[in-house]
Amino acid sequence: CFNIVMSNISEIENSNYFTVFPNPATNELNIDAELSFINNQLKIYSISGRLENNYLIKGKKINISNLSKGVYFIEINDGTKLYYSKFVKQ
């Protein structure tokens, strides 16, 4: 089960605003976005809903080498909306 708790966020957006690649990935994910997410919060959740990593986005690459193999969800919070995507770690 993946629980979403909302607090002062007006909307949830799907992954049409950003993509991650390569997918599946091994050590690093690239973020390709229509919007600039620099200095926004990015969280990675396991398929069970457990928070695995929490980042402040400083560029277009995210190090995922510490994650175990599996399926993960990415949440980006720009302070107004939540954006989601999914990726596989090999």
ask   = Any side-chain heavy-atom pair from Tyr55 and Gln41 closer than 4.5 angstrom?
value = no
ask   = CZ/Phe37 to CD1/Ile57 distance, rounded to the nearest 0.5 angstrom?
value = 7.0 Å
key: Qualifying residue for side chain to side chain contact (heavy atoms under 4.5 Å, CB included) with Ile74, from Tyr83, Phe18, Tyr45, Tyr84   = Phe18
inquiry  = Pair Phe21, Asp32 - check side chain to side chain contact (heavy atoms under 4.5 Å, CB included), show working.
reply    = CA-CA 8 Å; Phe21 64 93; Asp32 184 27; 3.8 Å; yes
query = Hey, what do you get for OG (Ser46) to NZ (Lys89), rounding to the nearest 0.5 Å?
reply = 13.5 Å
inquiry  = Just so I know, are the side chains of Asn53 and Leu67 near enough to count as touching, which here means a heavy-atom distance under 4.5 Å?
reply    = yes
task = Tell me yes or no: between the side chains of Lys61 and Asn30, is some donor less than 3.5 Å from an acceptor?
result = yes
Nearest heavy atoms of Glu28 and Pro22, plus distance in Å = O-CD, 3.9 Å
key: Side-chain donor-acceptor contact under 3.5 Å, Lys58 with Asn39   = yes
ask   = Taking the six-membered ring for Trp, are Tyr72 and Phe87 parallel (under 30°), tilted (30 to 60°) or perpendicular (over 60°)?
value = parallel
message = Tell me the closest heavy-atom pair linking Ile64 and Ala25, and the distance in Å.
response = CD1-CB, 3.7 Å
task = Could you tell me the separation between the CD atom of Glu75 and the OG atom of Ser85, rounded to the nearest 0.5 Å?
result = 12.0 Å
message = Contact between Ile31 and Leu42 at the side-chain level, heavy atoms closer than 4.5 Å - yes or no?
response = yes
task = Without swapping roles, check the side chain of Lys43 against the backbone of Asn54 for a donor-acceptor pair under 3.5 Å.
result = no
query = At their closest point, which heavy atom of Lys86 faces which heavy atom of Asn23, and how far apart are they?
reply = O-ND2, 3.2 Å
query = Taking atom types as modelled, is there a side-chain donor on Asn27 or Asn63 under 3.5 Å from an acceptor on the other?
reply = no
remark   = In short, Pro24 meets Gln90 closest at the heavy-atom pair CG-NE2, 3.3 Å
